[in-house]
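What follows is a set of notes on a single structure, which appears directly below.
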Amino acid sequence: MSRLGTLGARLYRGEVGYDFVGKRKIWYGISILITITAIVGLAVRGLNMGIEFSGGAVFTTPNTKVSASDLRQTAEDASGGHTVVVQELGRGGLRIQISELGTKEALPVQENLAKELGVETSKIDTQLVGPSWGEQIASKAWQGLAIFMVLVVIYLAIAFEWRMALAALIALIHDLTITVGVYALVGFEVTPGTVIGLLTILGYSLYDTVVVFDGLKEASKDLTKQTRFTYSEIANRSLNSTLVRSINTTIVALLPVGALLFIGGGLLGAGMLNDISLALFVGLAAGAYSSIFIATPLVADLKERDPKMKALAKRVKAKRAATAKAEAADSASDEEEAPDLEDAAAAPAGVFGQRRQPASRNRGRGRPSGKRR
């Protein structure tokens, strides 16, 4: 068995473990810091909305040897200073995207691009997107997100309990905030692919959280009938038992997404892939983090406020104090007996070193009286 497999087995059996729940204030602080950074980035820089949301025009050229920088400059001059994004296509063509460009402004841009490339105007494929269509997509996306959140809370409240539902909801909002904040800081364009990526990571984050909650639900059955562990300790044991599984699942999911983002989007210049791959990469990592460091500690925090769990914690504390007191008393009695043994070892051989004969053996064996019978 590999070292990771051995570690996973030991974590599952509770032989080793890390106190995630006990150090929850550290994780809360880290999450708050990351969330504040994401919110500040979102407020200062904002999101770079694609033409699907803001409206604009997309021009696709045939195979050309003209550089992307030259075409960008041509498009900027023809559009009157609008934001221009040029992407290289796999077949040798270029995709020129200009936000907030109307129908009347698109025709001069198309003519100038054709002139720069030395082709007919009809060879430049032009697509116009109105802002109203983007508003409809955004509205549908918000509706889908709201329905998803409501169904998640209802399901978790029925399958588990309201505390777990609330913790899972907070973890999902945490993942969304971080992902959107990274988009604002990096400046990647927000497209319908981004929305699909966000909805995908919500499902993944929820799956990872439900796996941990299911183990916690099973481990906390009849918890109040024992006095060995508190709820927080049981939650931490359940989290450790599924830790290796969560790490393996996250790594396996991140490898292809990372290849799509860094190799496909970076080296090959497949810019359109960045829209969905960045959302998936950041969201998967944030989802794994929140299921371990946020969701389960939050459940333990909420559960420990229950009067039954408070009473259990008091009983566990009292039992441990009594056990410690008994062990201290046994240790003190052992220390009292230890000096006698030391004296015996240091005493002269004539006193303790010789073996005394039992009194019964010497009885009747006095000195001879000298009389003969």
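Note that this is a predicted model, so its numbers are computed, not measured. Residue numbers run from 1 in the order of the sequence given.
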With a 4.5 Å cut-off on side-chain heavy atoms, are V84 and Q97 touching?
no

Side-chain heavy atoms under 4.5 angstrom apart, residues restricted to Ile, Leu, Val, Met, Phe, Trp, Tyr: same cluster for F59 and V119?
yes

Heavy-atom count check: over 12 atoms from other residues, nucleotides or ligands less than 6.0 Å from R245 CZ?
no

Is there a side-chain contact between S31 and F293 in this structure, where contact means two heavy atoms from C-beta onward sitting under 4.5 Å apart?
no

Counting N and O atoms only, with roles assigned by atom type, does the side chain of E218 sit under 3.5 Å from a partner on the main chain of G215, one being a donor and the other an acceptor?
no

Heavy-atom check, side chain of I247 versus side chain of L243, under 4.5 Å
yes

Shared hydrophobic cluster for L198 and W142 (ILVMFWY, side-chain gaps under 4.5 Å):
yes

Side chain proximity check, L254 to F281, heavy atoms < 4.5 angstrom
yes

Quick check against the 3.5 Å criterion: does R315 have a side-chain atom that pairs as donor or acceptor with the backbone of T224?
yes

Spacing of K123 atom NZ and E120 atom CD [to the nearest 0.5 Å]:
6.5 Å

Closer than 3.5 angstrom, by distance alone: can the side chain of R24 be matched with the main-chain N or O of V21 as a donor-acceptor pair?
yes

Given the rule in the side chain to side chain contact (heavy atoms under 4.5 Å, CB included) test, do K308 and L312 qualify, once you have shown the distances and angles that lead to the verdict?
CA-CA 6 Å; K308 295 181 180 180; L312 173 63; over 6 Å; no

Decide yes or no on side chain to side chain contact (heavy atoms under 4.5 Å, CB included) for V150 and Y155, but give the supporting numbers first.
CA-CA 9 Å; V150 171; Y155 166 74; over 6 Å; no

I147 side, atom CD1; L151 side, atom CG - distance, nearest 0.5 Å
7.5 Å

Here the gap from D70 atom CG to L113 atom CG, rounded to the nearest 0.5 Å, amounts to 12.0 Å

Any side-chain heavy atom of L117 sitting closer than 4.5 Å to one from I124?
yes

Which pair of non-hydrogen atoms, one from I294 and one from W27, has the smallest distance, and what is that distance?
CD1-O, 4.2 Å

Close side-chain approach of M149 and L172, heavy atoms under 4.5 Å:
yes

For atom CD of Q143, is the number of surrounding heavy atoms from other residues, nucleotides or ligands below 6.0 Å larger than 12?
yes

Distance from I96 atom CD1 to E76 atom CD, nearest 0.5 Å?
11.5 Å

Check the side chains of Y207 and T249 for a donor-acceptor pair under 3.5 angstrom, ignoring hydrogens and angles.
no

Examine the side chains of S290 and D175 and answer whether a donor and an acceptor come within less than 3.5 Å of each other.
yes

Using modelled atom types only, decide if a donor and an acceptor are shared between the side chain of E116 and the backbone of L71 within a distance under 3.5 Å.
no

Gap separating the CG atom of D301 from the CZ atom of R163, nearest 0.5 angstrom:
12.0 Å

Quick one: side-chain hydrogen bond (donor to acceptor under 3.5 Å, both in side chains) partners of T200, sequence neighbours excluded?
none

Over all atoms of both residues, closest heavy-atom pair of A295 and T209:
CB-CG2, 3.8 Å

Donor-acceptor contact present, side-chain D19 to main-chain G22, <3.5 Å
yes

Of all heavy-atom pairs between L298 and A167, which one has the smallest distance, and what is that distance?
CB-CB, 3.9 Å

What about L216 and L302, same hydrophobic cluster or not, with Ile/Leu/Val/Met/Phe/Trp/Tyr joined at side-chain heavy-atom distances under 4.5 Å?
yes

Closest non-hydrogen atom pair, T250 against A288
OG1-CB, 3.2 Å

Shared hydrophobic cluster for I39 and I178 (ILVMFWY, side-chain gaps under 4.5 Å)
no

Run I26 and I30 through side chain to side chain contact (heavy atoms under 4.5 Å, CB included) and show every step you take.
CA-CA 6 Å; I26 298 177; I30 294 174; 4.1 Å; yes

Pair E161, K303 - check salt bridge (charged side-chain N to carboxylate O under 4.0 Å, His left out), show working.
CA-CA 10 Å; E161 58 172 310; K303 196 71 175 179; 3.2 Å; yes

Between the main-chain N or O of T121 and the side-chain N or O of Q110, is there a donor-acceptor pair closer than 3.5 Å?
yes

Does the structure place the NZ or CZ of R237 under 6.0 Å from the centre of the six-membered ring of F229, at an angle of no more than 45° from the ring's axis?
yes

Note: A300 and S232 closest approach over all heavy atoms is CB-OG, 3.9 Å

Under 3.5 Å, is there a donor-acceptor pair between the side chain of D125 and the main chain of T60?
no

Counting C-beta onward and ignoring hydrogens, is there a side-chain heavy-atom pair between V257 and L284 closer than 4.5 Å?
yes

Once rounded to the nearest 0.5 Å, what's the spacing between atom CG of N240 and atom CD1 of I292?
9.5 Å

Can a donor-acceptor pair be found, under 3.5 Å and without considering hydrogens, that links the side chain of Y28 to the backbone of P297?
yes

Under 4.0 Å between a side-chain nitrogen and a carboxylate oxygen: does that hold for R228 and E233?
no

Would you indicate whether the side-chain heavy atoms of L145 and L176 approach each other to under 4.5 Å?
yes

So if you build clusters from Ile, Leu, Val, Met, Phe, Trp, Tyr with side-chain heavy-atom gaps below 4.5 Å, do I158 and V212 land together?
no

Y18 backbone acceptor or donor facing N236 side chain under 3.5 Å:
yes

Go through the side-chain N and O atoms of D222 and Q226 and say whether any donor and acceptor fall under 3.5 Å apart.
no

With a 3.5 Å distance limit and no angle check, can you tell me whether T61 reaches the backbone of L94 through a side-chain donor-acceptor pair?
yes

Taking every heavy atom of I98 against every heavy atom of A75, the minimum-distance pair comes out as CD1-CB, 4.1 Å

Derivation and outcome, side chain to side chain contact (heavy atoms under 4.5 Å, CB included), residues D306 and K310:
CA-CA 6 Å; D306 188 357; K310 287 182 178 180; over 6 Å; no

